[in-house]
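Taking it in order: structure first as structure tokens, then the write-up.
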Amino acid sequence: MFCKNCGNEIENDAVFCPKCGTKLSDEKEITMVSTDGHESEAIAGFVLGLISIVFSITIIIPILGIYFSSKGKNSSKASFAKAGKVLSILSLITPIILICLLLVPTITVIGMKIAGGNNTGTQAAIPMTEKYTASKEILDWYTSLGLIQTRIKEENPASVRVDVVLGYKKEDGAVSTEITQRTVEIKDFLRRYFEHKTAEELRPQNEEILKKEILNAINDTILTSSKIKDVRFMQMDVTQSK
């Protein structure tokens, strides 16, 4: 090193200049402070920066690399610290991007659920329809009862003409056989059933009630060894007398 006063070359550990006697200890201390003390942090930051490139999905390693690189930026290994910091920052971007990519679908689904909250009725109708379609049983139909004709017994009587068909389990020959054997009983029941109804009860909006009553009555009081599963009206005309 050289004396700051006279420029004479002196030993590195000298306290005073042997030529002019100028004290050198302050300059030495300043030099030591400015160049030493954080080399280990600079090197650690560089090493962590390299590791973080390989293990970038681990966020903690890049963060440590940035920390140690920042501590060693004023040391004699400043170039290592700078390189380590750059590597750590670059590797930190990767997990951030991955996290964003994972969160976007989740946020999108949540948003769709919130947005669809006002359409609960419409959404509920779809699975109900699908379930109904999937579970709807295919039936065979007994269509040989013929047209039932009678008159309603009320003050202003009306004529009734009904074609009733009975549904039963597909390919269940026992049901078809018993219905055939009891056709007279079934037709007599249907005639009396409609005969005791009023014109108001036979309005189209009451058809489901009528079908259910007929189904239960035939199963409970006429058929013995088998059961029907559905009742339909192929025709139902109610003509009011003038």
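Just so it is clear, the structure is predicted and the values come from calculations on it, not from any experiment.
To the nearest 0.5 Å, the span separating OG1 on T221 from CZ on F189 amounts to 6.0 Å. Taking CD1 of I179 as the start and OG of S226 as the end, the distance is 6.5 Å to the nearest 0.5 Å. Rounded to the nearest 0.5 angstrom, L215 CG and N219 CG are separated by 5.0 Å. Atom OG of residue S144 and atom CD1 of residue I186 lie 11.0 Å apart, to the nearest 0.5 angstrom. In this structure, E185 CD and I218 CD1 are separated by 11.0 Å, a value rounded to the nearest 0.5 Å. Atom CD in E137 sits 5.0 Å away from atom NZ in K229 (nearest 0.5 Å).
A 4.5 Å side-chain heavy-atom check between M234 and T143 finds every atom pair outside the cut-off. Side-chain contact check for K187 versus I148: some heavy-atom pair is nearer than 4.5 Å. Within the 4.5 Å cutoff, the side chain of F194 has heavy atoms near those of the I214 side chain. A 4.5 Å side-chain heavy-atom check between Q149 and V160 finds every atom pair outside the cut-off.
Residue pairs satisfying the salt bridge (charged side-chain N to carboxylate O under 4.0 Å, His left out) criterion with at least one member in residues 190-204, sequence neighbours excluded, are listed as follows: K153-E195, D188-R191, D188-R192, R191-E195, K197-E213, E200-R203. Within the structure, the salt bridge (charged side-chain N to carboxylate O under 4.0 Å, His left out) test picks out the following pairs touching residues 163-175 (sequence neighbours left out): D140-K170.
Grouping the Ile, Leu, Val, Met, Phe, Trp and Tyr side chains by contacts below 4.5 angstrom, directly or via other members, places F233 with I228. Both L145 and L202 belong to a common hydrophobic cluster when Ile, Leu, Val, Met, Phe, Trp and Tyr are linked at side-chain heavy-atom distances under 4.5 angstrom. Transitive grouping of hydrophobic side chains (ILVMFWY, heavy atoms separated by less than 4.5 Å) brings Y193 and I222 into a common cluster.
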R182 vs T224, side chain to side chain contact (heavy atoms under 4.5 Å, CB included): CA-CA, chis, key distance, verdict:
CA-CA 10 Å; R182 298 182 181 277; T224 57; 3.7 Å; yes
Using the side chain to side chain contact (heavy atoms under 4.5 Å, CB included) rule, take L166 and V231 through it: C-alpha gap first, then chi angles, then the decisive distance, then the call.
CA-CA 5 Å; L166 308 177; V231 173; 4.0 Å; yes
Report the C-alpha distance between Y168 and S176 in whole Å, list the side-chain angles of each, state the deciding distance to 0.1 Å, and finish with yes or no for side chain to side chain contact (heavy atoms under 4.5 Å, CB included).
CA-CA 8 Å; Y168 56 92; S176 177; 3.5 Å; yes
Set out, in order, the CA-CA distance, both residues' side-chain angles and the distance that settles side chain to side chain donor-acceptor pair (under 3.5 Å) for E178 and S225, then state yes or no.
CA-CA 8 Å; E178 186 172 8; S225 61; 2.9 Å; yes
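Checked options T180, V164, V175, V165; the residue passing with Y142 is T180 (criterion: side-chain contact (heavy atoms from CB on, under 4.5 Å)).
One side chain, Q235 or D237, offers a donor N or O that lies under 3.5 Å from an acceptor on the other.
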